[in-house]
**Student:** 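What follows is a structure written as structure tokens; I'll ask about it next.
Side chains included, hydrogens not; waters and symmetry mates left out as well; all remaining heavy atoms used. We count residues from 1, following the sequence as given.
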Amino acid sequence: MRNDLAQEIRQRVSLQSVLERYGYRPDRSGFLNCPFHAGDRDASLKVYKDNTWHCFGCHKYGSVIDWVMEMERVGFMEAVRIIDRDFGLGLLERGPDLRHKRLWEERKKQTQLL
């Protein structure tokens with residue numbers, strides 16, 4: 001489930017939109033001052049077109065989820081919740097899939113017959 005959530009978020013949420021949400025805007029080359037280590041006078045964090053980032057100063061890197069984990073100082077699931085809420089993805093609000101729903105309805109009917 002974790003991998004499915006991560007993949008879905010990476011496909012639906014751009015790193016650019018997450019950066020803007022936090023008030024960061026890379027320069028034309030994709031660099032910005034790294035918020036994860038002190039004293040970054042020369043922009044050392046590179047934002048790539050494949051929706052990833054890497055800081056050459058503190059060596060942190062990752063995806064949109066990793067960015068939120070670092071910014072908010074939270075674990076994976078909390079970062080997923082934040083992204084899901086902030087971007088209105090509805091990933092964590094999904095009901096059971098159709099197979100589970102049918103099984104649940106069948107059990108409900110069986111208990112009503114008894």
**Student:** Determine whether the aromatic ring centres of F56 and H54 lie less than 6.0 Å apart.
**Tutor:**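 Yes: the rings meet the under 6.0 Å criterion.
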**Student:** Would you compute the distance between atom CE of M69 and atom OG of S63 and round it to the nearest 0.5 angstrom?
**Tutor:**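 Separation between the atoms: 8.5 Å.
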**Student:** About how many Å separate CZ of R10 and CG of N51, when rounded to the nearest 0.5 Å?
**Tutor:**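 CZ of R10 is found 9.5 Å from CG of N51.
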**Student:** Within the structure provided, determine whether V68 and Y22 are in side-chain contact (heavy-atom separation under 4.5 Å).
**Tutor:**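 Of all side-chain heavy-atom pairs linking Y22 with V68, at least one is under 4.5 Å.
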**Student:** When rounded to the nearest 0.5 angstrom, what distance separates CD in E8 from CD1 in I83?
**Tutor:**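 Answer rounded to 0.5 Å: 12.0 Å.
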**Student:** Mind running side chain to side chain contact (heavy atoms under 4.5 Å, CB included) on T52 and L15 for me, showing each step along the way?
**Tutor:** CA-CA 7 Å; T52 61; L15 182 56; 5.6 Å; no
**Student:** Just how far is it from atom NE2 of H59 to atom NE2 of H37, taken to the nearest 0.5 Å?
**Tutor:**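 The NE2 atom of H37 is 9.0 Å from NE2 of H59, to the nearest 0.5 Å.
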**Student:** Rounded to the nearest 0.5 Å, how far apart are CZ of F36 and CG of L45?
**Tutor:**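 One finds 7.0 Å between CZ of F36 and CG of L45.
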**Student:** For I82 and E78: C-alpha separation, side-chain torsions, deciding distance, then whether side chain to side chain contact (heavy atoms under 4.5 Å, CB included) applies.
**Tutor:** CA-CA 6 Å; I82 291 167; E78 187 58 29; 4.1 Å; yes
**Student:** Parallel, tilted or perpendicular: which one describes the rings of W67 and Y24, with boundaries at 30° and 60°?
**Tutor:**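 Correct class here is perpendicular.
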**Student:** Mark yes or no for whether S29, through its side chain, and F31, through its backbone, hold a donor-acceptor pair below 3.5 Å.
**Tutor:**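 No, S29 side chain to F31 backbone: no donor-acceptor pair under 3.5 Å.
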**Student:** So for atom CG, which belongs to D50, do other residues, nucleotides or ligands contribute more than 12 heavy atoms lying within a distance under 6.0 Å?
**Tutor:**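 Atom CG in D50 is crowded, with more than 12 foreign heavy atoms closer than 6.0 Å.
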**Student:** Any side-chain heavy atom of L92 sitting closer than 4.5 Å to one from V80?
**Tutor:**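 Yes - at least one pair of side-chain heavy atoms lies under 4.5 Å apart.
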**Student:** Within a reach of under 6.0 Å around OH of Y61, are more than 12 heavy atoms found that belong to other residues, nucleotides or ligands?
**Tutor:**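 No, not enclosed.
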**Student:** Do W53 and D66 touch side chain to side chain, with heavy atoms closer than 4.5 Å?
**Tutor:**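 W53 vs D66: side chains touch.
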**Student:** Within the 4.5 Å heavy-atom criterion, are L32 and R25 side-chain neighbours or not?
**Tutor:**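 A side-chain contact is absent here, since even the closest heavy-atom pair is not under 4.5 Å.
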**Student:** In the structure I gave you, are the side-chain heavy atoms of F87 and S17 within less than 4.5 Å of one another anywhere?
**Tutor:**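 Contact flag for F87/S17 side chains = yes.
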**Student:** Can you check whether D40's main-chain N or O pairs, donor with acceptor, with N33's side chain at less than 3.5 Å?
**Tutor:**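 Side chain of N33 to backbone of D40: a pair is present.
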**Student:** Is there side-chain contact between K60 and E70, with at least one heavy-atom pair below 4.5 Å?
**Tutor:**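 Side-chain contact under 4.5 Å: yes.
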**Student:** Is the NZ or CZ atom of R81 positioned over F76's six-membered ring, under 6.0 angstrom from the centre and within 45° of the axis?
**Tutor:**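 Because its charged atom misses either the 6.0 Å distance or the 45° angle limit, R81 does not stack over F76.
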**Student:** Is any side-chain heavy atom of Q16 less than 4.5 Å from a side-chain heavy atom of P26?
**Tutor:**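 In short, these two side chains touch, coming nearer than 4.5 Å.
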**Student:** With clusters defined by side-chain heavy atoms of hydrophobic residues (ILVMFWY) lying less than 4.5 Å apart, directly or transitively, does Y48 cluster with M71?
**Tutor:**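 No, M71 and Y48 fall in different hydrophobic clusters.
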